[in-house]
Amino acid sequence: MQYLRRTWAEIDLDAVEYNLTNIRKITGGKRIIAVIKADAYGHGASVIARQYNRLGVNAFAVSNIDEAHALRTDEVRGDILILGYTPPDMAFELYVDNVTQAVTDYDYAKKLSDYAVRAGITLAVHVKVDSGMSRLGLVVRDEEDVGRVRGEILKIAALPGLRITGCFTHFSSADGDTTPGSDDRLCTERQYKLFTSVIEAAEKAGVSMGTRHCSNSAVIINYPEFGLDAVRPGVILYGYYPDSVENSSLAAKLPLKPVMTLKTAVSQVKKLPAGSEISYGREAIAKEEMQTAVVSIGYADGYVRKNSRGGTMYIHGCPARVTGRICMDMCMLDITGRTDVHEGDEVVVFGNGGVSLESAARVCETINYELTCLIGKRVPRVFLKNGTLEYTQNMFLHD
């Protein structure tokens, strides 16, 4: 199982199991709907999902039908919920792959129903309630809206070709201030109350709403009482906290291990005379004789240009700062005064043996898992078990 040791992402399958075990403990054994959209947040969805299958997980959530189909092609077992939009004319593809579709209002459900009826099929759907995120879903903002939303759900339930098997919502600020009486907490509690009020109203009217779920990663940690029938862990599956804070206080409630370590390699070590201008734009200038390591990672691999101002990697356990602008395929590190760096040496971009993902995200003024999602398809994912290579995945080569 060879792979190009240019830039690669190591995925620790032992950390995957550790995180899942601790999530199960904190959620009291509720059903896990593992969120593996965006290629499992950049970690390799098919391999991760098959690992979860082996660990007893039989439900997944993805963004779109292509992600769902890829999982089925790779023989992932269990329920798959599409959280986003699928064109109604793809109803038969949903049926063939045995995939559950989120429905967001009556008009969309009616179009999906029409195509299902024409095809002579019945589709499983989960009703999405917008309790305050202002994204997809049936809009409910106060108790006066509950009756209207109940009526819309009744109309959806009456459509031929569709079968409601679940309902869900998503919280806007559950990762914020949890202090009693704080705006974030009051908002989250209000969203939960509106969601459950909609469920109660629909079920009193005779509609079974199926599996009820609303607990994303932040809710799992901060509001365990909201668990209902199932929980939807996302970022915590991969060992990161939703507040994206280094040394997060949330670790006391849920211990996690980061799953990914991103690595690259030294392409060349070189000495630059004083006055040398480095990279595009000539923003960095060697004030004196300087030694640099050119490394094989750039923004096409997901190492974004904001790292030009403060990015740090580790070589042989010691930090090396980025100097000059990040290029498409490579960038330069200042290793002045070092004699231990050579062509081909391994470099830790973030993760085990390097800066934390949170630290890297802070430099880029973003959140931790945006960086894992940005890692390019030409970067091989290398899966390790007990420190030993188990699988490699190269999406660029369709391998």
Determine whether R5 and Y3 satisfy the following criterion, side chain to side chain donor-acceptor pair (under 3.5 Å), listing intermediate values before the conclusion.
CA-CA 6 Å; R5 293 178 67 87; Y3 59 94; 2.7 Å; yes
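- Under the 3.5 Å distance criterion, the side-chain polar atoms of T21 are matched with a main-chain donor or acceptor of E17.
- When side chains are defined from C-beta on, V47 does not count as touching R381, because their heavy atoms never get closer than 4.5 Å.
- Formation of a donor-acceptor pair under 3.5 Å by the Q268 side chain with backbone atoms of E343 is not found in this model.
- Salt-bridge formation is not detected for the pair D334/R321: no Lys NZ or Arg NE/NH1/NH2 atom is positioned less than 4.0 Å from an Asp or Glu carboxylate oxygen.
- Sequence neighbours left out, not one pair with a member in residues 35-50 passes salt bridge (Lys or Arg N to Asp or Glu O under 4.0 Å).
- One N or O on the side chain of R185 and one on the backbone of T178 form a donor-acceptor pair closer than 3.5 Å.
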Residue pair R378, L4: steps toward the side-chain contact (heavy atoms from CB on, under 4.5 Å) verdict:
CA-CA 10 Å; R378 72 182 183 184; L4 177 63; over 6 Å; no
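- The stretch residues 313-344 participates, sequence neighbours left out, in no ring pair (Phe, Tyr, Trp, His ring centres under 6.0 Å) pair at all.
- Checked against side-chain hydrogen bond (donor to acceptor under 3.5 Å, both in side chains), K263 has the following partners two or more places apart in sequence or in another chain: E10, E346.
- Screening residues 236-272 for ring pair (Phe, Tyr, Trp, His ring centres under 6.0 Å), with sequence neighbours left out, gives Y41-Y238, H43-Y238.
- Within the 4.5 Å cutoff, side-chain heavy atoms of V207 are placed close to those of I164.
- A donor-acceptor contact under 3.5 angstrom links the side chains of Q191 and S172, judged on distance only.
- Side chain of K30 to main chain of L228: a donor-acceptor pair is present (N/O by atom type, distance under 3.5 Å, no hydrogens or angles).
- Listed by chain and residue number, E365 satisfy the side-chain hydrogen bond (donor to acceptor under 3.5 Å, both in side chains) test with K306 (two or more places apart in sequence, or in another chain).
- The shortest heavy-atom contact between S248 and D243 is OG-OD2, 2.7 Å.
- Side chain to side chain, E246 and S356 meet the donor-acceptor criterion of an N or O pair below 3.5 Å.
- The shortest heavy-atom contact between S46 and V76 is O-CG2, 4.3 Å.
- Put simply, the side chain of N22 never gets that close to the backbone of N19: no donor and acceptor are under 3.5 Å apart.
- Of the possible polar contacts, one joining the R72 side chain to the N98 backbone as a donor-acceptor pair under 3.5 Å is found.
- Between the D14 side chain and the N386 main chain, a donor and an acceptor come within less than 3.5 Å of each other.
- Smallest separation of non-hydrogen atoms from K128 and H170: CE-N, 4.1 Å.
- Counting heavy atoms of neighbouring residues, nucleotides and ligands inside a 6.0 Å radius, atom CZ of R282 does not exceed 12 of them.
- Geometrically, R6 does not engage W8 in a cation-pi contact defined by less than 6.0 Å to the ring centre and at most 45° from the axis.
- Residue pairs meeting the ring pair (Phe, Tyr, Trp, His ring centres under 6.0 Å) criterion with at least one member in residues 246-270, sequence neighbours excluded, do not occur.
- Nearest heavy-atom pair, I82 versus S63, reported as atom, atom and distance to 0.1 Å: CG2-O, 3.5 Å.
- In this view, Y85 and Y108 satisfy the ring pair (Phe, Tyr, Trp, His ring centres under 6.0 Å) rule, not counting sequence neighbours.
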Run the numbers on S296 and S267 for side chain to side chain donor-acceptor pair (under 3.5 Å), then give the verdict.
CA-CA 6 Å; S296 303; S267 301; 2.5 Å; yes
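- The shortest distance between side-chain heavy atoms of F383 and Q51 does not fall below 4.5 Å.
- Residues G298 and I326 approach most closely at CA-CG2, 3.9 Å, considering heavy atoms.
- The number of heavy atoms from other shown groups lying within 6.0 Å of CD (E144) does not exceed 12.
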Pair T169-S131, side chain to side chain donor-acceptor pair (under 3.5 Å): steps then yes or no
CA-CA 7 Å; T169 193; S131 60; 2.8 Å; yes
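- When atom types are taken as modelled, the side chain of D142 and the backbone of D145 share a donor-acceptor pair closer than 3.5 angstrom.
- Looking at T336 and Q291, their side chains never bring a donor and an acceptor atom within 3.5 Å of each other.
- Here salt bridge (Lys or Arg N to Asp or Glu O under 4.0 Å) pairs that include residues 192-209, with residues two or more places apart or in two chains, are E143-K193.
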Derivation and outcome, side-chain contact (heavy atoms from CB on, under 4.5 Å), residues I153 and Y106
CA-CA 7 Å; I153 291 173; Y106 173 76; over 6 Å; no
Listing, residues 117-127 side-chain donor-acceptor contacts under 3.5 Å, not counting sequence neighbours, or none:
from: H126; atom 1: ND1; to: H213; atom 2: NE2; distance (Å): 3.0
from: H126; atom 1: NE2; to: T165; atom 2: OG1; distance (Å): 3.3

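- With a 4.5 Å cut-off on side-chain heavy atoms, L256 and L250 do not count as touching.
- Proximity of R338 to I315: side-chain heavy atoms (C-beta onward) are separated by under 4.5 Å at one or more points.
- With no hydrogens or angles considered, no side-chain donor-acceptor pair links S182 and D184 at under 3.5 Å.
- Judged as a ring pair (Phe, Tyr, Trp, His ring centres under 6.0 Å), and not counting sequence neighbours, the contacts of Y223 are F226.
- Nearest heavy atoms, I36 versus Y52: CG2-CE1, 4.2 Å.
- Between the S279 side chain and the R325 main chain, a donor and an acceptor come within less than 3.5 Å of each other.
- At least one donor-acceptor pair under 3.5 Å links the side chain of D177 to the backbone N or O of T179.
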List the steps and the verdict of salt bridge (charged side-chain N to carboxylate O under 4.0 Å, His left out) for R141 and D130.
CA-CA 8 Å; R141 290 294 178 272; D130 171 14; 2.9 Å; yes
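- By the side-chain hydrogen bond (donor to acceptor under 3.5 Å, both in side chains) test, R24 pairs with no residue at all, sequence neighbours left out.
- Note that NZ of K155 and OG of S113 are 12.5 Å apart. Values are rounded to the nearest 0.5 Å.
- Taking the side-chain hydrogen bond (donor to acceptor under 3.5 Å, both in side chains) definition, one finds that D114 meets it with K110, sequence neighbours left out.
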